[in-house]
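For reference, the structure discussed in these notes is given below.
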Amino acid sequence: VGWGPAARCENRRPCALHLPPSCPPWVPAPLLLARHLAPARGGGSWVCPCGRGSLAVAERHLPALQWHSLPLQFCLLGALLAPVRVLLAFIVLFLLWPFAWLQVAGLTEEQLQEPITGWRKTVCHNGVLGLSRLLFFLLGFLRIRVRGQRASRLQAPVLVAAPHSTFFDPIVLLPCDLPKVVSRAENLSVPVIGALLRFNQAILVSRHDPASRRRVVEEVRRRATSGGKWPQVLFFPEGTCSNKKALLKFKPGAFIAGVPVQPVLIRYPNGLDTTSWAWRGPGVLKVLWLTASQPCSVVDVEFLPVYHPSPEESRDPTLYANNVQRVMAQALGIPATECEFVGSLPVIVVGRLKVALEPQLWELGKVLRKAGLSPGRVDAGAEPGRSRMISQEEFARQLQLSDPQTVAGAFSYFQQDAQGLVDFRDVALALAALDGGRSLEELTRLAFELFAEEQAEGPGRLLYKDGFSTILHLLLGSPHPAATTLHAELCQAGPSQGLSLCQFQNFSLHDPLYGKLFSTYLRPPHTPRGTSQMQRASSPGSPTALANGTVQAPKQKGD
């Protein structure tokens with residue numbers, strides 16, 4: 001360790017190797033000492049890691065600190081500490097199963113529609129609560145710092161927690177006394193996790209079943225308006241994990257009942273961020289291993305005052321969600337964005353349309369360029385107005401691709417039907433857009449010719465909602481429902497239910513908002529081979545879509 005008692009607090013307490021009993025035992029970890037003391041090599045007064053004074057440090061007392069030793073330390077801790085922690089945590093996780101099973105054993109579905117009381121509630125609830133705290137403790141979360149006061153179930157039937165940045169976020173359940181949660185129905189089949197969801201009497205939703213969503217809304221409203229009969233319901237209104245740099249757009253599910261909610265903030269104020277598990281970045285095992293390799297991880301849970309909705313917010317869940325998002329973002333000191341996830345694709349609102357932050361078309365271009373394929377050399381002879389479904393084998397033959405992994409990766413970017421086939425018109429339009437040899441006018445004309453259909457009455461061809469939504473999904477990454485809604489609005493100006501070529505090009509080329517969107521997204525950045533393919537939409541060379549609907553090129557930044 002080598003620091004000795006040379007660095008001391010102003011209150012004469014040693015703060016390097018020999019700590020007072022009141023200081024947390026993880027303060028002398030070399031990572032924290034390096035973070036706090038390395039800038040003081042020229043001498044000066046710095047804040048002590050224990051937070052109880054400032055350090056008067058002289059250069060002669062500090063050994064030469066080599067930052068390249070930090071990866072070595074992580075290797076040692078990852079090899080020695082992480083395996084033990086992860087093994088013990090999994091043992092505790094499986095010990096949770098008997099308590100979870102005992103609470104619901106022998107109960108019918110009708111009985112599970114009411115909150116569980118009696119000895120089951122007392123024994124099983126306390127057992128799961130204690131073992132859950134032990135589980136997170138073993139993973140390195142030695143402290144849960146709670147600020148503010150949690151409201152009662154009568155004051156706030158619903159809790160909303162943000163930012164949702166990692167699979168460790170369920171730790172917020174502990175200071176909230178294990179409230180009910182909303183989870184995917186598919187998680188019931190996961191060992192142990194399924195038993196814990198039954199124990200929790202969780203509200204289950206199937207993302208592929210619209211009827212399931214309606215039932216969830218009714219169940220949330222029933223529990224939230226039960227007058228304190230049911231425990232509180234906890235939502236992560238972002239719906240998915242982000243990187244904590246901004247709040248994603250809140251989904252309205254937590255706010256449909258129109259009852260007061262209590263915002264709950266989650267922070268991980270650690271020297272190194274090992275917990276973030278976002279759309280792009282480290283996988284589950286890497287995040288778990290890095291976090292378990294830390295000497296200590298700290299979590300801050302802050303309860304904000306209860307938010308009481310206005311009459312307008314009670315009637316409009318989207319307005320309610322947006323206002324609560326702004327309150328929580330202000331408390332966190334980060335932006336509140338319009339960005340959200342549709343499936344696994346991050347999108348942002350631009351006018352009446354939702355567009356991908358980084359269209360899959362750009363990713364397809366990276367895959368094809370990496371394979372040495374020039375889209376302009378491919379003979380994409382798709383027949384206008386008529387679909388031709390092709391298999392993966394024909395796709396590989398048409399694009400002259402031989403590597404099976406490249407073929408599977410490129411083929412997955414196109415929407416497949418029940419038989420696993422894709423429409424060759426999609427492939428033809430994508431290759432034309434990636435070629436870059438056509439002007440925007442020629443490209444939009446080609447898109448219209450490929451997907452427009454003959455009118456039932458009268459001459460000429462029109463672009464109906466299916467073709468319109470396919471074009472926007474392929475070129476802009478726009479979800480089909482949003483594109484369909486926009487198509488209906490555009491058609492209101494004319495007598496037909498389709499768009500002519502002139503109308504489509506006026507929309508895609510000359511509209512002051514959407515025209516700029518097309519001109520930006522149909523000129524994807526060409527990434528050199530040596531450049532990392534993990535570019536985000538906020539990276540240099542990619543456009544940034546703002547909440548007011550404008551699209552601008554980002555500023556260059558160093559790292």
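Atom set for the values below is all heavy atoms of this structure, side chains included, hydrogens, waters and symmetry mates excluded.
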Exercise for the section: Evaluate the criterion salt bridge (charged side-chain N to carboxylate O under 4.0 Å, His left out) for residue pair E449 and R425; output intermediate values, then yes/no. Expected result: CA-CA 10 Å; E449 291 175 351; R425 293 180 298 175; over 6 Å; no
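When the salt bridge (charged side-chain N to carboxylate O under 4.0 Å, His left out) test is applied to R215, the partners found at least two apart in sequence or on another chain are D209. Considering only residues two or more places apart in sequence or on other chains, R326 meets the salt bridge (charged side-chain N to carboxylate O under 4.0 Å, His left out) condition with none of them.
A salt bridge links K366 to E363: at least one charged side-chain nitrogen sits closer than 4.0 Å to a carboxylate oxygen. Under the 4.0 Å criterion applied to side-chain N and carboxylate O atoms, K244 and D273 are assigned as salt-bridge partners.
Here the OG-CG distance, from S297 to L272, works out to 9.5 Å after rounding to the nearest 0.5 Å. Atom CZ of F507 and atom CG of L517 lie 8.0 Å apart (nearest 0.5 Å). Between the CG atom in L247 and the CD atom in E340 there is a gap of 13.5 Å [rounded to 0.5 Å]. Between atom NE2 of residue H473 and atom CZ of residue F468 there is a gap of 14.0 Å, rounded to the nearest 0.5 Å. Here F235 contributes atom CZ and I203 contributes atom CD1; the two are 5.5 Å apart, rounded to the nearest 0.5 Å.
Using modelled atom types and a 3.5 Å distance limit, the side chains of T274 and T291 yield a donor-acceptor pair.
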Side-chain donor-acceptor distances from residues 475-488 under 3.5 Å, at least two apart:
unit_1: S478; atom_1: OG; unit_2: K354; atom_2: O; d: 2.7
unit_1: H480; atom_1: ND1; unit_2: S469; atom_2: OG; d: 3.3
unit_1: H480; atom_1: NE2; unit_2: Q415; atom_2: OE1; d: 3.1
unit_1: T484; atom_1: OG1; unit_2: H480; atom_2: O; d: 2.9
unit_1: T485; atom_1: OG1; unit_2: P481; atom_2: O; d: 3.0
unit_1: H487; atom_1: NE2; unit_2: L463; atom_2: O; d: 3.0

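Distance alone, capped at 3.5 Å, is enough to place a donor-acceptor pair between the D169 side chain and the S165 backbone. Proximity of a side-chain donor or acceptor of N200 to a complementary backbone N or O of V181 within less than 3.5 Å is detected.
In terms of heavy atoms, F414 sits closest to D426 at CE2-O, 3.6 Å. Smallest separation of non-hydrogen atoms from V355 and Y521: CG2-OH, 3.9 Å.
In this pair, F518 and F504 present their aromatic rings perpendicular. The plane angle is above 60°, beyond the 30 to 60° band. Ring pair F141/Y268 is perpendicular by interplanar angle, where above 60° counts as perpendicular and below 30° as parallel.
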